[in-house]
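Encoded as structure tokens, the structure appears first; notes follow it.
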Amino acid sequence: MYLMVNFVQQEIENDLKEGKYSDGIHTRFPPEPNGYLHIGHAKSVCLNFGLAAHNNGLCNLRFDDTNPTKEDTEYVDSIQEDIKWLGFDWDDRKFFASDYFGKLYDYAVELIKRGLAYVDDSSADEIREMRGTLTEPGKESPCRNRSIEENLNLFERMKAGEFEDGAKVLRAKIDMASPNMNMRDPVIYRITRTHHHRTGDDWLIYPMYDFAHPLSDAIEKITHSVCTLEFEDHRPFYDWLLDSLDFDKNSRPRQIEFARLDLTNTITSKRKLRQLVEEKHVRGWDDPRMPTLSGMRRRGFTPAAIRNFCAEIGVAKSNSLVDIAMLEHCVREDLNENADRIMAVLNPLKVVLTNVDAGKVEWLTAENHPTKGGSRFVPFTREIFIERDDFMEDAPKKFFRLKPGGEVRLKHAYIIKCEEVIKDDSGNITELHCTIDPTSKSGGETAGRKIKGTVHWVSADYALKAEVRLYDYLLTTDEKGNLPEDFIGALNPDSLIVIENALVEPSVKLTGAGVHFQFLRLGYFVTDYDTTPEKLVFNRVAGLKDSWAKVKG
RNA sequence: AGGGGUAUCGCCAAGUCGGUAAGGCACGGGAUUCUGAAUCCCGCAUGCGUUGGUUCGAGUCCAGCUACCCCUGCCA
């Protein structure tokens with residue numbers, strides 16, 4: 001299904017070769033429910049579920065909900081919807097770190113009993129000061145050598161609510177002089193009187209990520225715990241914890257880190273995305289300009305396109321910035337294959353075909369797809385609209401479209417010749433008078449005459465009005481990676497252009513939301529959720545590649 | 001006395017016993033075309049951060065440099 005030739009897969013194969021994990025491979029996707037999933041998460045979802053599938057194993061969905069101050073059920077719902085939409089299934093293996101709060105507490109008690117954890121009365125500031133710096137070792141807390149009995153007693157009272165928020169923490173007892181800051185007696189439990197979205201007010205103390213994650217992995221019998229590079233420094237603690245609690249080295253989970261996805265022209269910081277939503281720079285989490293999966297879904301990206309993208313960019317450990325052209329290539333590839341073609345005119349220029357009778361309609365046959373076939377009827381009448389860009393009064397030699405005295409083929413219809421250009425008083429072109437070559441009808445016996453240009457069009461009498469939303473990057477092309485804090489000023493003011501009165505052919509009349517089309521010669525579009533029986537609304541997913549734009553400069 | 005990572009084409013990325021640099025995107029050229037799309041050809045690293053070394057032979061091994069990323073939350 002996907003190309004799984006990456007270094008993580010190789011590590012798995014090495015483990016298997018060594019006889020480890022003989023019960024099968026088990027991964028997990030562990031989002032924190034504090035925001036919507038975005039394209040960067042898709043990489044992780046594809047990796048974790050893909051690895052499991054490739055190795056005939058399983059992948060769990062586990063919400064890492066250990067910090068109730070930031071998390072919410074709105075996010076757990078959207079995350080599940082997005083993963084399913086992407087095409088992955090956790091079956092009945094949906095878990096929450098909060099499912100394990102009881103067990104986690106017991107493990108913490110066990111750690112205390114083994115003399116490997118202690119309750120510290122120091123304040124957050126004091127702990128920070130005693131931690132030392134990158135180049136200087138830390139100092140041991142005065143509480144570090146409390147007796148096991150006292151620690152047990154204090155920890156139980158922390159749980160029971162005898163102390164204020166922040167008054168005490170539970171810390172692992174490792175090495176305050178370690179060059180790895182994560183090993184300088186990391187905090188593993190804190191007191192926070194916050195309502196949890198699942199456990200309610202049952203708990204006053206919550207485990208930290210570093211403590212909860214390895215144990216949650218172990219409880220679920222995860223074999224390979226794949227995460228991003230910034231957790232590399234946490235791996236020694238991950239191993240220390242499982243070691244200290246006697247988890248078997250041949251079957252316990254192993255953490256492997258890979259580089260997160262960074263995309264040009266794109267904001268992938270959860271915090272910044274939330275800011276865009278909260279300050280209403282976009283219409284919501286599912287605004288089609290957002291790199292969230294819900295935004296991309298609404299924009300018209302397909303699950304297959306995103307999966308292929310994730311497969312094509314690969315998985316490695318070097319920090320990289322992927323060109324968004326790669327993503328666009330993947331949607332075009334999918335939609336070229338699967339989207340039906342229709343004709344739509346975004347910026348209409350009226351054309352009167354002077355040798356066609358007024359009131360006459362000819363229903364022409366139009367293929368839906370150049371290779372997959374299917375067809376529909378398209379009405380042809382005396383008055384039509386073409387794209388304004390398809391006519392030029394003073395055209396350069398390489399302009400294959402319509403010009404005064406020139407000829408062009410109307411797709412699926414006739415060759416027309418421009419006889420007269422009509423202008424208003426200020427010299428603006430208001431309409432064209434053209435004649436058709438009646439012998440040139442598409443598909444007809446005498447249709448063989450070759451004409452360089454072909455243009456799309458729509459009948460003035462039958463065309464449907466539609467709103468078309470054209471999207472561009474939120475960040476203009478110069479923005480590579482590092483965004484300043486005040487990135488709001490760098491937002492592209494033209495990221496959304498609404499065309500209120502576009503015209504589409506009548507065949508799409510009863511189309512609901514989420515249907516893809518290629519507007520011939522314009523790009524790929526999808527009907528938006530705002531579409532109603534009365535009003536069609538289209539989002540542009542991506543434009544077609546345009547070599548004329550390059551010639552034109 | 002900080003520690004942990006990463007460096008192969010404009011952007012991703014293969015390269016697993018050292019044997020003479022995959023592929024995709026982008027880009028350029030051509031063919032074809034009732035979408036200036038798609039498709040099809042062709043081109044695109046004497047070069048693998050850098051300097052030395054080992055070797056008949058090094059992207060791959062050794063040593064030293066350099067650059068960039070991450071780490072001093074009671075966030076994940």
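None of these values were measured; they are calculated from a predicted model. Reminder, nothing fancy here: chain letters follow the sequence lines and each chain counts from 1.
B/rU60 and B/rG2 have their P atoms separated by 29 Å, with the value rounded to a whole Å. Straight-line distance between the C1' atoms of B/rA14 and B/rG30: roughly 30 Å, to the nearest whole Å. Rounded to whole Å, the separation between the P atoms of B/rG3 and B/rU16 comes to 30 Å. Straight-line distance between the P atoms of B/rA26 and B/rA37: roughly 13 Å, to the nearest whole Å. When the C1' atom is used for both B/rC61 and B/rC69, the distance is 27 Å, rounded to whole Å.
At whole-Å resolution of the value, CZ in A/Arg521 and P in B/rU35 are 9 Å apart. For the pair A/Glu367 CD and B/rU35 P, the computed distance is 8 Å after rounding to whole Å. A/Leu522 has its CG atom 10 Å from the P atom of B/rG36, to the nearest Å. Following rounding to the nearest Å, A/Glu312 (CD) and B/rC12 (P) show an atom-to-atom distance of 15 Å. B/rA7 atom C1' lies 13 Å from atom CG of A/Leu229, rounded to whole Å. Atom-to-atom, CG of A/Asp175 to P of B/rG2 comes out at 17 Å; the value is rounded to the nearest Å. When rounded to the nearest whole Å, the span between NZ of A/Lys139 and P of B/rU72 equals 18 Å.
Dashed line: the shortest gap from a side-chain N or O of A/Ser318 to OP1 or OP2 of B/rA13 is under 4.0 Å.
Counting non-hydrogen atoms under 4.0 angstrom, A/His456 reaches nothing in the nucleic acid. Nucleic acid contact for A/Leu520: base, since at least one base atom lies under 4.0 Å from a heavy atom of the residue. Nucleic acid contact class of A/Phe258 (heavy atoms, under 4.0 Å, all strands): none. Within the nucleic acid shown, A/Lys398 comes within 4.0 Å of at least one base atom, counting heavy atoms only. Across all strands shown, A/Lys372 has no heavy atoms under 4.0 Å from either base or sugar-phosphate atoms. Counting non-hydrogen atoms under 4.0 angstrom, A/Gly523 reaches nothing in the nucleic acid.
Between A/Tyr189 and the options A/Tyr118, A/Tyr206, A/Phe155, A/Tyr107, a ring pair (Phe, Tyr, Trp, His ring centres under 6.0 Å) holds for only A/Phe155.
Among residues at least two apart or in separate chains, there is no salt bridge (charged side-chain N to carboxylate O under 4.0 Å, His left out) pair with a member in residues 336-347 of chain A.
Of the nucleotides present, none pairs with B/rU35 by Watson-Crick or G-U wobble criteria with both distances under 3.5 Å. Both distances falling under 3.5 Å, in either a Watson-Crick or a G-U wobble arrangement, place B/rU6 opposite B/rA67. In this structure B/rA45 sits in no base pair that meets the Watson-Crick or G-U test at under 3.5 Å. With a cut-off of 3.5 Å on both pairing distances, B/rC74 has no Watson-Crick or G-U wobble partner at all. Of the nucleotides present, none pairs with B/rA14 by Watson-Crick or G-U wobble criteria with both distances under 3.5 Å. Checking B/rG52 for Watson-Crick or G-U wobble geometry (two distances, each under 3.5 Å) identifies B/rC62 as its partner.
Residue side chain A/Arg401 reaches the base of B/rG36 through a donor-acceptor N/O pair under 3.5 Å, judged by distance alone. Interface remark: the A/Asn180 side chain does not form any donor-acceptor pair with the B/rG4 base, using a distance-only criterion of under 3.5 Å.
A/Glu220 meets the salt bridge (Lys or Arg N to Asp or Glu O under 4.0 Å) test with A/Arg62; sequence neighbours excluded. Annotation: ring pair (Phe, Tyr, Trp, His ring centres under 6.0 Å) contacts of A/Phe538 (sequence neighbours excluded): A/Phe519. Every residue two or more places apart in sequence or in another chain was checked for a ring pair (Phe, Tyr, Trp, His ring centres under 6.0 Å) with A/Phe29, and none qualifies. Every side-chain hydrogen bond (donor to acceptor under 3.5 Å, both in side chains) that A/His234 has, sequence neighbours left out, goes to A/Asp210. Under the side-chain hydrogen bond (donor to acceptor under 3.5 Å, both in side chains) criterion, A/Asp437 pairs with A/Thr439, A/Arg449, sequence neighbours left out. Checked against side-chain hydrogen bond (donor to acceptor under 3.5 Å, both in side chains), A/Tyr36 has the following partners two or more places apart in sequence or in another chain: A/Glu74. Residues that satisfy the side-chain hydrogen bond (donor to acceptor under 3.5 Å, both in side chains) test with A/Thr228, not counting sequence neighbours, are A/Glu230.
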List the steps, then state whether salt bridge (Lys or Arg N to Asp or Glu O under 4.0 Å) holds for A/Asp121 with A/Arg146. CA-CA 11 Å; A/Asp121 309 338; A/Arg146 284 217 249 240; 2.5 Å; yes
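No side-chain heavy atom of A/Arg401 sits under 4.5 Å from any side-chain heavy atom of A/Glu387.
Annotated as anti: B/rG5, whose O4'-C1'-N torsion sits more than 90° from 0.
For A/Met181, taking side-chain heavy atoms from C-beta onward, the closest of the listed nucleotides B/rG36, B/rC71, B/rG5 is B/rC71.
The CE atom of A/Met343 sits 11.0 Å away from the CG atom of A/Leu522 when rounded to the nearest 0.5 Å.
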Under 3.5 Å, which N/O atoms of the protein pair with N/O atoms of nucleotides 73-76 of chain B?
from: B/rG73; atom 1: OP2; to: A/Arg128; atom 2: NE; distance (Å): 3.3
from: B/rG73; atom 1: OP2; to: A/Arg131; atom 2: NH2; distance (Å): 3.1
from: B/rC74; atom 1: OP1; to: A/Arg131; atom 2: NH2; distance (Å): 3.2
from: B/rC74; atom 1: OP2; to: A/Arg131; atom 2: NH1; distance (Å): 3.1
from: B/rC74; atom 1: N3; to: A/Gly166; atom 2: O; distance (Å): 3.2
from: B/rC74; atom 1: N4; to: A/Ser122; atom 2: O; distance (Å): 3.0
from: B/rC74; atom 1: N4; to: A/Ala124; atom 2: N; distance (Å): 2.9
from: B/rC74; atom 1: N4; to: A/Gly166; atom 2: O; distance (Å): 3.0
from: B/rC75; atom 1: OP2; to: A/Arg190; atom 2: NE; distance (Å): 3.2
from: B/rC75; atom 1: OP2; to: A/Arg190; atom 2: NH2; distance (Å): 2.9
from: B/rC75; atom 1: O3'; to: A/Arg190; atom 2: NH2; distance (Å): 3.3
from: B/rC75; atom 1: O2'; to: A/Asn67; atom 2: ND2; distance (Å): 2.9
from: B/rA76; atom 1: OP1; to: A/Thr66; atom 2: OG1; distance (Å): 2.7
from: B/rA76; atom 1: OP1; to: A/Arg190; atom 2: NH1; distance (Å): 3.3
from: B/rA76; atom 1: OP1; to: A/Arg190; atom 2: NH2; distance (Å): 3.1
from: B/rA76; atom 1: OP2; to: A/Tyr209; atom 2: N; distance (Å): 3.0
from: B/rA76; atom 1: N6; to: A/His234; atom 2: NE2; distance (Å): 3.4

Hey, what are the protein-to-nucleotides 37-42 of chain B N/O distances that come in under 3.5 Å?
from: B/rA37; atom 1: OP1; to: A/Ser547; atom 2: OG; distance (Å): 2.9
from: B/rA38; atom 1: O2'; to: A/Asn336; atom 2: ND2; distance (Å): 3.1

Listing time: all N or O pairs from protein to nucleotides 14-18 of chain B that are below 3.5 Å?
from: B/rA14; atom 1: OP1; to: A/Val315; atom 2: O; distance (Å): 3.4
from: B/rG15; atom 1: OP1; to: A/Gln10; atom 2: NE2; distance (Å): 2.8

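Using the six-membered ring where Trp is involved, A/Tyr105 and A/Trp203 have ring planes that are tilted, between 30° and 60° apart.
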Let me have the donor-acceptor pairs involving side chains of residues 541-553 of chain A, under 3.5 Å, with sequence neighbours excluded, atom names and distances please.
from: A/Asp546; atom 1: OD1; to: A/Trp548; atom 2: N; distance (Å): 3.1
from: A/Asp546; atom 1: OD1; to: A/Ala549; atom 2: N; distance (Å): 3.1

